[in-house]
Amino acid sequence: MSTGKGRGRPRKDPDRLARWTPPEGWSRLVAWVSPEEKKALKHVAVDAGVSVADLVRALAGGLAAGAITHDELLGHVERGRDVMEKIPTLFERDDRFRVVDRPRAECAWVFEGAGTGTEKLDGTNVRLTVRSGLLVRIEKRRNPSKAQKQQGIVDGWYVDAAEGAEDKWIQAAARNTDVSGWPDGEHPCEALGPRIQGNPLGLEEHRCVPFNVQVPTYEDVPRSYDGLRDYLATLDSRFAPGHLAEGIVFHHPDGRRAKIKRRDFA
């Protein structure tokens, strides 16, 4: 008698086809989330009486129909990004998630005049290892989970980028980057391009920009709330002239960093 694995739970609707054909023009959206993020989504979905997929569709549908405003959703997105933030923003935020004229204590060195201002490039953090002018390794940054943070792990680390669809555009950015003149070593970079973070700089191809070699610097960057707000409102990108720079990252000689973005201001 066979003792093989059973077929599992019966379908709630046995007449429903196992495969569903989407309407013409529809596309599939795939996202990688941590176990904690998945649990949080499922909790909301259960309370709403829908699946996680329908939860995401409801959000997208509300946004498309105007039932959820762009600004309303953007505020929640910014709050979520702040939770994952590794480089502190210069100022504290109000309940609408805009910065206010109250410097963060850990960024005091910026207001004391230390550090160099560089252009903040809006992409994804990667690390390229170079030997004798050749690219030998591609890594992406991974941040600690909530459970790991509770165990005292607060700093992120790098893991190898996958060869498949998950890291397709990271791989493309790395392989499109000329590293022949880079010194041997591990180079933290920002991966940029048409399929990364919405491509705010309007780039036509994917590439990586190393923080320690090519990121544009700015002299005489203001160090006050009002000064930075006015400065960023019209700051032209030196990496992609004709586009507004996303913001400024201050680099301290000891490795500390602090950032401010144009959209941080009300």
Side-chain angles (χ1 to χ4, degrees), residues 78 81-82 85-93 97-128 130 141 155-156 173-174 176-194 196-266:
E78 289 289 353
R81 290 182 66 175
D82 190 56
E85 183 177 65
K86 292 301 160 188
I87 304 177
T89 294
L90 288 175
F91 302 99
E92 300 288 355
R93 299 182 185 273
F97 211 67
R98 301 297 187 184
V99 293
V100 295
D101 192 1
R102 191 166 65 249
R104 283 188 174 178
E106 64 266 40
C107 301
W109 55 272
V110 174
F111 304 100
E112 294 168 357
T116 302
T118 66
E119 181 174 349
K120 185 182 186 306
L121 301 175
D122 192 5
T124 189
N125 186 221
V126 299
R127 185 169 68 181
L128 306 184
V130 174
R141 183 180 176 87
D155 295 322
N176 283 344
T177 302
D178 181 7
V179 302
S180 59
W182 294 15
D184 283 4
E186 297 174 331
H187 300 270
C189 306
E190 198 77 0
L192 310 167
I196 297 175
Q197 291 289 76
N199 193 26
L201 295 179
L203 302 180
E204 296 182 356
E205 65 177 12
H206 294 89
R207 60 170 296 187
C208 293
V209 181
F211 299 135
N212 57 344
V213 180
Q214 297 174 355
V215 174
T217 60
Y218 292 85
E219 303 296 332
D220 302 321
V221 179
R223 307 277 177 136
S224 68
Y225 179 90
D226 291 338
L228 283 164
R229 179 193 58 203
D230 297 342
Y231 182 75
L232 290 174
T234 59
L235 181 62
D236 193 53
S237 169
R238 291 184 178 174
F239 182 78
H243 295 79
L244 288 174
E246 188 203 12
I248 293 290
V249 178
F250 291 94
H251 292 255
H252 193 281
D254 66 9
R256 284 177 291 172
R257 291 180 291 171
K259 68 182 179 183
I260 187 68
K261 296 176 290 186
R262 184 179 66 260
R263 66 171 178 259
D264 285 332
F265 294 94

How far apart are the C-alpha atoms of Cys189 and Val126, what are their side-chain angles, what is the distance that settles it, and do they pass the side chain to side chain contact (heavy atoms under 4.5 Å, CB included) test? CA-CA 5 Å; Cys189 306; Val126 299; 3.8 Å; yes
Between His187 and Val130, does the side chain to side chain contact (heavy atoms under 4.5 Å, CB included) criterion hold? Intermediate values first, please. CA-CA 8 Å; His187 300 270; Val130 174; 4.0 Å; yes
Trace of the side chain to side chain contact (heavy atoms under 4.5 Å, CB included) decision for Ser237 with Leu201: CA-CA 8 Å; Ser237 169; Leu201 295 179; 3.9 Å; yes
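- Across all non-hydrogen atoms, the minimal contact from Ala258 to Leu90 is CB-CD2, 3.7 Å.
- In this structure, Glu205 has no side-chain contact (heavy atoms from CB on, under 4.5 Å) partners at least two apart in sequence or on a different chain.
- Counting only heavy atoms from C-beta outward, the side chains of His206 and Pro194 approach each other to under 4.5 Å.
- Every residue two or more places apart in sequence or in another chain that forms a side-chain hydrogen bond (donor to acceptor under 3.5 Å, both in side chains) with Asn125 is listed here: Tyr158.
- Under the side-chain hydrogen bond (donor to acceptor under 3.5 Å, both in side chains) criterion, Thr234 pairs with no residue, sequence neighbours left out.
- You'll find the side chain of Leu192 reaches within 4.5 Å of the side chain of Leu121, heavy atoms only.
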I would like to know whether Leu228 and Arg223 meet side chain to side chain contact (heavy atoms under 4.5 Å, CB included); could you show each step before the answer? CA-CA 7 Å; Leu228 283 164; Arg223 307 277 177 136; 5.9 Å; no
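- Between Leu128 and Ala174, the closest heavy-atom pair is CD2-CB, 3.7 Å.
- In this view, Thr116 and Thr217 satisfy the side-chain contact (heavy atoms from CB on, under 4.5 Å) rule, not counting sequence neighbours.
- In this structure, the side chains of Asp122 and Gln197 come closer than 4.5 Å at one or more pairs of heavy atoms.
- Side-chain contact between Thr89 and Val99 is present, with at least one heavy-atom pair separated by less than 4.5 Å.
- No side-chain heavy atom of Arg262 sits less than 4.5 Å from a side-chain heavy atom of Leu235.
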Between Glu119 and Arg238, does a salt bridge (charged side-chain N to carboxylate O under 4.0 Å, His left out) hold up when you go through it step by step? CA-CA 8 Å; Glu119 181 174 349; Arg238 291 184 178 174; over 6 Å; no
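- Shown here are the salt bridge (charged side-chain N to carboxylate O under 4.0 Å, His left out) partners of Asp226, two or more places apart in sequence or in another chain: Arg229.
- Remark: Glu246 CD to Lys261 NZ distance equals 6.0 Å, nearest 0.5 Å.
- Checked for salt-bridge contact, Lys259 and Asp264 miss the test: no charged N lies under 4.0 Å from a carboxylate O.
- Not a single salt bridge (charged side-chain N to carboxylate O under 4.0 Å, His left out) links Asp101 to another residue, sequence neighbours left out.
- A 4.5 Å side-chain heavy-atom check between Val249 and His251 finds at least one atom pair inside the cut-off.
- A distance-only check finds no donor-acceptor pair linking the side chain of Asn176 to the backbone of Arg207 [under 3.5 Å].
- For Ala240 against Leu203, the heavy-atom pair with the smallest separation is CB-CD2, 4.4 Å.
- Annotation: side-chain hydrogen bond (donor to acceptor under 3.5 Å, both in side chains) contacts of Arg102 (sequence neighbours excluded): none.
- With sequence neighbours excluded, the residues forming a side-chain contact (heavy atoms from CB on, under 4.5 Å) with Ala114 are Trp109, His252, listed by chain and number.
- The backbone N or O of Arg263 sits less than 3.5 Å from a side-chain atom of Arg98, completing a donor-acceptor pair.
- There is no side-chain donor-acceptor pair under 3.5 Å between Thr124 and Glu190.
- Take Phe265 and apply the ring-ring contact (aromatic ring centres under 6.0 Å, His included) test, not counting sequence neighbours, and it matches Tyr225.
- Checked against side-chain contact (heavy atoms from CB on, under 4.5 Å), Pro103 has the following partners two or more places apart in sequence or in another chain: Phe91, Phe111.
- Here Tyr218 pairs with nothing under the ring-ring contact (aromatic ring centres under 6.0 Å, His included) rule; sequence neighbours left out.
- In terms of modelled atom types and a separation under 3.5 Å, the side chain of Thr177 and the main chain of Cys208 share a donor-acceptor contact.
- His243 pairs by the side-chain hydrogen bond (donor to acceptor under 3.5 Å, both in side chains) definition with nothing, not counting sequence neighbours.
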